[in-house]
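Beneath this line is the structure, given in structure tokens, with notes to follow.
Ligands are counted one by one from 1 in listed order, and the atoms in each one are counted from 1 as well. Computed from a prediction, not measured in an experiment: that's the story for all the values here.
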Amino acid sequence: MTYENSLQFARSQDHNDSLQTFRERFYIPQVNGKDAIYLCGNSLGLQPKSVRAALEQELLDWQNLGVEGHFQGKNPWFRYHELFSEKEARIVGAQPAEVIVMNNLTTNLHLLLVSFYQPTPERYRIITEAGAFPSDQYALETQVKFHGFHPEEAILELKPRPGECNLRTADIEAAIAENAHSVALILMGGLNYYTGQVFDLAAITKAGHAAGALVGFDLAHAAGNVLLSLHEWEVDFAVWCTYKYLNSGPGGVGAAFVHEKHAHNPDLPRFAGWWGHNPEERFQMKKGFKPMAGAAGWQLSNGAILTMAAHKAALDIFDEAGMPALRAKSEQLTGYLEFLIQEMGLSATQLQIITPAEPTARGCQLSLLVHQNGRALFEKLTAAGVILDWREPNVIRVAPVPLYNSFEDVFCFAEILRKSWTELEQASTKGLVAPANTSDQSS
Ligand SMILES: Cc1ncc(COP(=O)(O)O)c(C=O)c1O
Ligand SMILES: Nc1ccccc1C(=O)C[C@H](N)C(=O)O
């Protein structure tokens with residue numbers, strides 16, 4: 001598609017956008033009495049206006065029915081998790097029984113590592129990406145120690161080649177093959193939170209299986225952002241959160257995928273709780289855990305209905321828009337952002353987009369590596385009414401989300417970026433800005 005650097009072009013794109021009306025269904029944060037340019041849905045998605053009524057419904061049932069709400073409520077709490085199966089499955093390309101909404105991401109990661117990381121003295125390694133989100137690093141480090149191995153020896157972190165920002169699929173495949181005798185698990189982000197790179201999950205899964213390993217993904221930044229086919233790719237397990245692209249609120253409920261091939265395996269170790277037990281017998285209070293088939297068998301506790309209610313409202317909107325349409329708009333919107341940044345004519349030593357250029361290797365986030373004055377630039381953008389984030393040591397992440405961001409948002413952001421850059425450059429020639437990035441705090 002051919003882009004133009006004008007407000008008129010941006011507005012005409014919005015006018016022709018079939019998803020345009022979805023923006024009205026979200027609250028846009030206000031800065032200085034005006035709608036902010038919110039480009040931070042990769043960290044926390046905006047609040048759907050329908051969430052309040054969904055929470056109200058559960059509060060009312062609790063108010064009016066007390067404990068009877070478990071069975072007599074409008075959406076009985078006893079079966080509340082079933083309300084998500086179909087829609088959640090569409091987001092990640094799964095069968096309904098392969099997904100479950102529960103807990104939070106890191107909790108789910110630990111639970112699934114209990115089942116799918118079963119190291120032996122010969123096969124104990126985990127292959128992961130260097131610079132994975134810290135929570136994943138801590139989960140892997142402590143799981144490995146829990147099994148009596150040393151993280152430095154058992155965790156193999158793959159780094160991009162010198163001078164490159166992203167991992168090459170061929171290098172990932174080669175590393176897996178080279179460790180075919182010792183690798184137990186491949187565990188990577190679906191989309192790296194820092195660089196914005198989307199990994200080739202199908203190829204990695206294939207390579208992992210060929211090496212005799214199991215394969216799992218953290219889809220925090222991929223779910224609701226890129227097209228996924230977890231079932232077809234035969235991914236063993238995955239976890240994600242619902243507060244980013246799925247707009248389900250801070251600390252919102254997490255989700256997990258377990259491939260059908262593991263649904264009935266009685267030999268899989270797991271940490272169990274009563275909500276994963278056969279529901280027909282759950283209240284018989286008997287000894288002996290009998291897991292529900294599928295991902296539901298990994299549930300521990302009765303669901304956190306209030307956060308699940310927010311997710312239900314948000315997921316309904318998401319499902320109405322649909323992943324294919326969202327992804328199509330996302331590619332155009334991110335492409336427009338990239339085009340406008342390139343129009344600024346900056347060199348790679350000034351401001352570099354470290355997210356891959358190929359649409360298949362990125363979602364809607366572009367990570368801007370700013371070599372000098374990065375933090376000062378970020379603060380200027382913030383002061384001008386743009387909400388985005390800064391990730392240490394020197395990246396500004398910008399995420400135009402197709403569900404509620406517009407081409408006009410992207411155009412206005414680019415104008416503010418250009419103006420802020422010029423002002424900073426003028427200030428630094430006059431010696432008014434410290435030349436290096438400061439790393440005092442992160443957002
Ligand atoms: C890739 C990734 N993994 C894990 C987490 C942590 O998730 P949670 O706090 O829901 O466990 C996040 C973000 O918070 C993330 O971006
Ligand atoms: N939950 C949060 C609470 C506070 C600040 C950030 C977060 C994030 O989710 C960060 C996000 N995971 C990231 O990709 O950086």
Considering Gln365, Arg391, His221, Lys244 one by one, which has a heavy atom nearer to atom 15 (O) of ligand 2 than any of the others? Arg391
Does a donor on one side chain and an acceptor on the other come within less than 3.5 Å for [X] and [Y]?
| X | Y | answer |
| --- | --- | --- |
| Gln299 | His277 | no |
| Gln143 | His110 | yes |
| Glu129 | Asn192 | yes |

My understanding is that only one of Tyr3, Phe413, Phe411 makes a ring-ring contact (aromatic ring centres under 6.0 Å, His included) with Tyr336; could you say which? Tyr3
Residues in contact with ligand 1, criterion: heavy atom under 4.0 Å: Leu105, Thr106, Phe133, Asp136, Asp218, Ala220, His221, Tyr243, Lys244
Ring centroids only, cut at 6.0 angstrom: are His262 and Phe237 within range, meaning strictly under it? no
Taking the six-membered ring for Trp, are the ring centroids of Tyr117 and His147 within less than 6.0 Å of each other? yes
Within ligand 2, which atoms have a heavy atom of Arg397 less than 4.0 Å away? 13 (C), 14 (O), 15 (O)
Below 4.0 Å from ligand 2: does a non-hydrogen atom of Ser43 turn up there or not? yes
NZ (Lys159) with more than 12 external heavy atoms under 6.0 Å: no
